[in-house]
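Here is the structure we will look at.
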Amino acid sequence: MRPFGERWRAPYACDPWGSRGRLYPEAVSPTRSEFQRDRDRIIHSSAFRRLKHKTQVFVYHEGDHFRTRLTHTIEVSQIARALARSLGLDEDLAEALALSHDLGHTPFGHTGEDTLDECMAEFGGFDHNAQALRVVTRLERRYAEYDGLNLAWESLEGLVKHNGPLLDADGRPTLRYAERGVPLAILEYNAQQDLELATFASGEAQAAAIADDIAYDAHDIDDGLRAGLFNIEDLREVPFLDGLLREIDARYPGLELSRRIHELTRRVITRFVEDVVAEGERRIAALAPESAEAVRRAGETVICFSRDMTQADAAIKRFLYAHMYRHPKVMKVRAEADDVLRDLFRRFRAEPESMPEEWQADLPRDDEARLARRVADYIAGMTDRYALLEHRRLFDVTPDLR
């Protein structure tokens, strides 16, 4: 009998009983595996609760039916678990990574990250992935014996590397860090506990990462249609979506729009998931990994789309970029949100005493870099609603963001 209701795991899955441990050693739980504990710690964190009032594309009061960071995170978690179950990976770790992947995001979606990155340019910039690591290792202050959540090594590794290695074999930054270098927050933590930044992450982390892409594609189509930024016939310019619409119309002629939209988005998720499972099985069979370590050192992503579905994913993202993310209505709100966060950043840097008392503690006024990072931490943790309330408290005029 498997403990705690655990399902079968393949040899290449991460084993919670063989975890590399935590920075601060703790006694084994009598009722939960190490990855189940991590999942629960993430769910009970303050940062996780705040996702409820952080937006994806629209601001929080745009409507009750649009996704927030929290609803997006739950959707990613569901898809990640489905992928892990089909591929013999540890479901609890995949779920924990899905639940934690957006903890470092700012208010006002990607606008907030772009704004804080520019405000922090002379102090190392702002990166939501590095910020998520700061949240789970430093900024959450709940436990008596340490700051952060003291997650298992596998959870931290997956959080940092779910999009691939951060360093190449020669120690040079890869991916988006090639120009500016790996964020200091990641390097500082890595000096305490080596996350092996030059290797790929586990299969569970790869499943969580691709689940994020699947959820984004499906729910941004849904939200964009509901918001009237484009109509369902516009989607036919994406061949993959045109094929799905033809399939729906042939089976359900005259179907009302709301049901037609749902039939489309559920098919997007289903086809993507089925493709990742099939491609993952193919790559796993070719690699024949006997351990999680073999997946990390495969030299390429193992849990991913096929070539055809990679093209479909790219086509959907191009469509959404042109018709949704750069829609005049969205761009107007983005510009106003940018002003709000820039105002807050400048004010808190000039007047740290304007921040709550706990954010002023142990803050030397002559250390500009430390002050700027503290301000960025404070703003990044805000919900959309709280950022607007803070702006109204400190300034005479605050935009409505509608």
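With hydrogens and angles disregarded, a donor-acceptor distance shorter than 3.5 Å links the side chain of Glu140 to the backbone of Ala47. Looking only at distances, a side-chain donor or acceptor of Thr106 sits under 3.5 Å from a matching main-chain atom of Gly109. Under a 3.5 Å cut-off, the side chain of Arg81 and the backbone N or O of Ala94 do not form any donor-acceptor pair. For Arg374 (side chain) and Trp359 (main-chain N/O), a donor-acceptor pair under 3.5 Å exists by modelled atom type. Checked by atom type and distance alone, the side chain of Asp38 never pairs as donor or acceptor with a backbone atom of Ala96 at under 3.5 Å. Remark: side-chain polar atoms of Arg142 are not paired, donor with acceptor, to backbone N or O of Ser45 under 3.5 angstrom. Judged by distance alone, the side chain of Glu34 and the main-chain N or O of Gly21 form no donor-acceptor pair under 3.5 Å. A distance-only check finds no donor-acceptor pair linking the side chain of Arg85 to the backbone of Asp90 [under 3.5 Å]. A donor-acceptor pair under 3.5 Å is absent between the side-chain atoms of Asp102 and the main chain of His105, judged by distance alone. No donor-acceptor pair under 3.5 Å is formed between the side chain of Glu290 and the backbone N or O of Pro11.
Distance check: Glu204 CD to Glu157 CD gives 9.5 Å after rounding to the nearest 0.5 Å. Atoms CZ and CG, from Arg172 and Asp170 in turn, are 4.5 Å apart once rounded to the nearest 0.5 Å. Residue Arg22 holds its CZ atom at 14.0 Å from CH2 of Trp153, rounded to the nearest 0.5 Å. Note: Ile303 CD1 to Phe200 CZ = 12.0 Å, rounded to the nearest 0.5 Å. Atom CZ of Arg266 and atom CD1 of Ile248 lie 9.0 Å apart (nearest 0.5 Å). Note that CG of Leu195 is 8.5 Å distant from CD1 of Ile186, once rounded to the nearest 0.5 Å.
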(Q) For a side-chain contact (heavy atoms from CB on, under 4.5 Å) check, start with the C-alpha distance between Asn150 and Val136, then their side-chain angles and the critical distance, and finish with the verdict. (A) CA-CA 7 Å; Asn150 197 32; Val136 301; over 6 Å; no

(Q) Applying side chain to side chain donor-acceptor pair (under 3.5 Å) to Glu293 and Ser291, what does each step give before you reach the verdict? (A) CA-CA 5 Å; Glu293 190 63 22; Ser291 67; over 6 Å; no

Q) Would Arg176 and Asn129 count as a side-chain contact (heavy atoms from CB on, under 4.5 Å) if you check the C-alpha gap in whole Å, the side-chain angles of each, and the deciding distance to 0.1 Å? A) CA-CA 12 Å; Arg176 57 180 172 174; Asn129 206 35; 3.7 Å; yes

Q.
Applying side-chain contact (heavy atoms from CB on, under 4.5 Å) to Leu83 and Val277, what does each step give before you reach the verdict?
A. CA-CA 7 Å; Leu83 293 174; Val277 170; 3.9 Å; yes

Q | Working for side-chain contact (heavy atoms from CB on, under 4.5 Å), residues His53 and Tyr386 | A | CA-CA 9 Å; His53 292 293; Tyr386 185 68; over 6 Å; no

(Q) Between Arg67 and His219, is the side chain to side chain donor-acceptor pair (under 3.5 Å) condition met? List the steps. (A) CA-CA 7 Å; Arg67 268 72 173 186; His219 70 51; 4.7 Å; no

Q) Can you list the steps and then say if Arg296 with Glu196 is a salt bridge (charged side-chain N to carboxylate O under 4.0 Å, His left out)? A) CA-CA 10 Å; Arg296 292 186 177 99; Glu196 299 179 358; 5.5 Å; no

Q: Walk me through it: do Thr55 and Asp384 pass the test side chain to side chain donor-acceptor pair (under 3.5 Å)?
A: CA-CA 7 Å; Thr55 46; Asp384 296 21; 2.6 Å; yes

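A salt bridge does not link Asp92 to Arg32: none of the charged side-chain nitrogens sits closer than 4.0 Å to a carboxylate oxygen. Residues Glu256 and Arg260 are not paired through a salt bridge, judged by the lack of any N-O separation under 4.0 Å between the basic side chain and the carboxylate. A salt bridge between Asp400 and Lys332 is absent, with no side-chain N of the basic residue lying under 4.0 Å from a carboxylate O of the acidic one. In summary, Glu118 and Arg342 engage in a salt bridge, as defined by a charged side-chain N under 4.0 Å from a carboxylate O. The existence of a salt bridge linking Arg226 and Asp222 is confirmed by a sub-4.0 Å separation between a basic side-chain nitrogen and an acidic carboxylate oxygen. Using a 4.0 Å cut-off between charged nitrogen and carboxylate oxygen, Glu247 and Arg251 do not count as a salt-bridge pair. Ion pair Arg349/Glu368 flagged as a salt bridge, since at least one NZ, NE, NH1 or NH2 atom sits closer than 4.0 Å to an Asp/Glu carboxylate oxygen.
Residues Tyr325 and Phe319 place their aromatic rings such that the two centres sit no closer than 6.0 Å. You'll find the ring centres of His101 and His72 inside the 6.0 Å limit. Not less than 6.0 angstrom separates the ring centroid of Phe230 from the ring centroid of His327.
Between Leu363 and Leu371, the shortest heavy-atom distance links the atoms CD2-CD1, 3.5 Å. The two residues Ser86 and Glu281 have their closest heavy-atom pair at O-OE2, 4.3 Å. Minimum heavy-atom separation, Ala13 to Ala292: O-CB, 3.9 Å. Closest heavy-atom contact between Val375 and Phe345: CG1-CD1, 3.6 Å. Arg370 approaches Asp362 most closely through the heavy-atom pair NH2-O, 2.7 Å. The shortest non-hydrogen separation linking Arg134 to Ala185 is CG-CB, 3.6 Å.
Arg334 and Thr111 are linked by a side-chain donor-acceptor pair at a separation below 3.5 angstrom, with hydrogens and angles left out of the test. Remark: the Thr115 side chain and the Asp338 side chain contain an N/O donor-acceptor pair separated by less than 3.5 Å. Side chain to side chain, Asp343 and His391 meet the donor-acceptor criterion of an N or O pair below 3.5 Å. Residues Asp377 and Gln131 bring a donor and an acceptor atom of their side chains to less than 3.5 Å of each other. For the 3.5 Å distance criterion, the side chains of Glu154 and Ser19 qualify, holding a donor opposite an acceptor. Defined by atom type and a distance below 3.5 Å, a donor-acceptor pair is present between the side-chain atoms of Thr199 and Lys161. Residues Glu390 and Tyr378 have side chains that bring a donor and an acceptor to within less than 3.5 angstrom of each other. No side-chain donor-acceptor contact under 3.5 Å links Thr310 and Arg307. Between the side chains of Tyr146 and Glu26, at least one donor N or O lies within less than 3.5 Å of an accepting N or O. Using modelled atom types and a 3.5 Å distance limit, the side chains of Thr174 and Asp168 yield no donor-acceptor pair.
Atom CD of Glu353 sits in a crowded spot, with more than 12 heavy atoms from other residues, nucleotides or ligands closer than 6.0 Å.
Looking only at side-chain heavy atoms (C-beta outward), Leu197 and Pro165 stay at 4.5 Å or farther from each other. Between Leu388 and Phe108, the closest side-chain pair of non-hydrogen atoms falls below 4.5 Å. In this structure, the side chains of Cys119 and Phe126 stay at 4.5 Å or more apart for every pair of heavy atoms.
The cationic group of Arg347 lies under 6.0 Å from the six-membered ring centre of Phe395 and within 45° of the ring axis, placing it in a cation-pi geometry. For the pair Arg41 and Tyr143, the cation-pi criterion (under 6.0 Å, within 45° of the ring axis) is fulfilled.
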